[in-house]
Amino acid sequence: MLALDGGSPVIGKGQVAPWPHIVDDDRAAVLRAMDDATPWHWPMRTVQELEDAWAEFTGMPYVLAANSGTAALHMAIAAAGVEPGDEVLVPADTFLASASCVLQANAVPVFVDSDPETFTVDPALVAERITPRTRAVVAVDLNGLPADYDALAGITRRHGLTLIEDAAQAHGATYHGRPVGSLGDMSGASLNGSKTLSALGEGGLFATRDAEQFKLARRVLMFGEELPGQGRDYNARIMGWNYRIDVLAAAFARSQLGRLEEMSRVRRENGAALTEALAGIPGIRPPAVPEGMTHVYFFYPLLVRPEDLGLDDLPVAAFRDAVEKAVNAEGLGIMRWQHQPVPAQTLFQERRGYGRGCPWTCGHAEPGRVYRPEEYPVAEDICRRRLVLGQSFSSLGPPNDLATMRAFADVFHKVLVEERDAVVSLARRIAAESAEPAHTP
Ligand SMILES: *Cc1c(COP(=O)(O)O)cnc(C)c1O
């Protein structure tokens, strides 16, 4: 019997370890940073150690630690020379920050639909959206899988655009042997607690190969000031923010980075094992990993497919919600993530921006920009069908292992094979309820 109907859940409390995986070395690193910290001196040694370690891991010569991935992406957009009214191409299916970093520079995001196999941005559609106003392209390593950088770099090079990698979900993954963080001209990564490289709290990493871009990004990081080695002159050159990372968060992330290679190997093996175990279970489609790439499964995305069970009459949304409820009740954390493509969010539908419609109405942007969600049919379909494992409470990272993955697969076997009839009736009830006219009491 489904746990939802009073049966016993497949996965017991405490059987799945939450992310991040904290070991004694991490605790010691944070305590050491507390003793070493010198708040009047910037950058602090621990922060520099994190920057140096990310530079070494990615092979990118210039790295800055920031206080979020959002900040690191804003720094990259500014460092690319994006100015008010410029356009930046951004995937339609991603987290808001991949697009709002463009608004933060008073520029205009232009969205691009997804590839239906990889869920990352479709390079062919990127080429179609380039105009004389386009300055940069943001590619996102969505779910833990790199975007198609060979195709993207070909396009950006041909058009003289800057390619910015949003590496927030995929630290530790590789593209033809090259590490995430080094796949574009610049990258912005997140160290938010849930990410595959975690600061436990908040943090971010900016990286570039170019000394000029590094200088610009550093101004944005710290009040618009230049930092000529010794001392501050307290003279803002441009509009800047305070994006400095907390030293204890930096210490935690630095310590985790020492194990990123090993943690990524576990994630890869766990993900591959789960995909193999789910192969015979109809009604869900596990994620694909193209030749030459590795996936680190920040999210393990599943697309529900009721039509594969002969349930063509059942609305996809009702089936998805029934599976989500049933799987959660069995003790496995699963959720929807983005409910709609980013351009469908109210921010882009109403375009109030900073107020008075800026940046869209600030005078520099192409007038009359509107965002039509139906221009992104692949992203819409993915958002309708997607349920994700991973992140913090159904992590594919260590210490969860192949036995944990077998337990995950057992949940889907129970919900979609053994107890399919119960799940389908639940889906039919959900469909009937949502079809009913709303009552006002
Ligand atoms: C998490 C995330 C960000 C933002 O990172 P924060 O550290 O939370 O600001 C940006 N892009 C993507 C794709 C993300 O998943």
Side-chain angles (χ1 to χ4, degrees), residues 19-20 50 54 63-78 88-105 109 111-112 114 118-121 136-147 163-173 180-181 183-184 186-207 217 220-221 241-246 249-250 252-253 256-257 295-301 335-343 345 347 379 382-383 386 388-392 395-397:
W19 186 260
L50 170 63
W54 187 240
V63 169
L64 290 165
N67 55 17
S68 70
T70 304
L73 287 167
H74 178 198
M75 287 156 62
I77 293 288
V88 178
L89 305 187
V90 176
D93 180 32
T94 180
F95 179 67
L96 174 72
S98 317
S100 57
C101 62
V102 178
L103 297 176
Q104 284 177 286
F111 293 95
V112 184
S114 315
T118 60
F119 311 148
T120 52
V121 72
V137 174
V138 176
V140 182
D141 304 326
L142 202 68
N143 302 309
L145 181 72
L163 180 56
I164 297 169
E165 178 185 18
D166 178 345
Q169 297 191 352
H171 332 61
V180 155
L183 302 176
M186 278 184 269
S187 64
S190 168
L191 300 173
N192 166 269
S194 69
K195 302 297 168 89
T196 54
L197 179 60
S198 169
L200 190 58
E202 305 290 339
L205 289 163
F206 163 89
V220 174
L221 173 87
W241 280 258
N242 177 0
Y243 282 164
R244 291 175 302 197
I245 191 171
D246 180 273
F252 186 89
Q256 291 263 317
L257 179 50
H295 200 314
V296 289
Y297 305 99
F298 167 65
F299 287 132
Y300 186 95
M335 63 172 198
R336 280 191 68 195
W337 202 51
Q338 302 298 303
H339 290 203
Q340 55 191 355
V342 175
Q345 292 191 31
L347 169 61
I382 292 168
C383 290
R386 176 176 49 208
V388 300
L389 305 171
Q391 212 178 16
S392 299
S395 168
L396 274 76

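Order of listing sets the numbers, starting from 1, for every ligand and every atom in it. Source: prediction; values computed, not measured. Here, residue 1 is the first one in the sequence, and each next residue gets the next number.
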- Message: Which label fits F299 and W337: parallel for a plane angle under 30°, tilted from 30 to 60°, or perpendicular past 60°?
- Response: tilted
- Query: Only one of L257, L200, L197 clears side-chain contact (heavy atoms from CB on, under 4.5 Å) with L191; which?
  - Reply: L197
- Message: Can you confirm, on distance only, whether ligand 1 has an N/O atom lying under 3.5 Å from any N/O atom belonging to S190?
- Response: yes
- Task: Using distance alone, decide if ligand 1 has a nitrogen or oxygen within less than 3.5 Å of any nitrogen or oxygen in T70.
- Result: yes
For [X], the ligand 1 atoms whose distance to one of its heavy atoms is below 4.0 Å:
{"X": "G203", "result": "7 (O)"}
{"X": "T94", "result": "13 (C)"}
{"X": "A97", "result": "4 (C), 10 (C)"}
{"X": "G69", "result": "5 (O), 6 (P), 7 (O), 9 (O)"}
{"X": "V140", "result": "13 (C)"}

- Query: Is ligand 1 less than 4.0 angstrom away from at least one heavy atom of S98?
  - Reply: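 Distance cut 4.0 Å: S98 passes for ligand 1.
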- Touching ligand 1 at all, S194? Heavy atoms, strictly under 4.0 Å? no
- Message: Could you tell me if S98 and D166 have a donor-acceptor pair between their side chains, going purely by distance under 3.5 Å?
- Response: yes
- Closest by any non-hydrogen atom to atom 2 (C) of ligand 1: pick that one out of H74, K195, E202. K195
- Side chain, backbone, both or neither: the part of S68 lying under 4.0 Å from ligand 1 by heavy atom: both
- Query: To which protein heavy atom is atom 11 (N) of ligand 1 closest, and what is the distance rounded to 0.1 Å?
  - Reply: D166 OD2, 2.8 Å
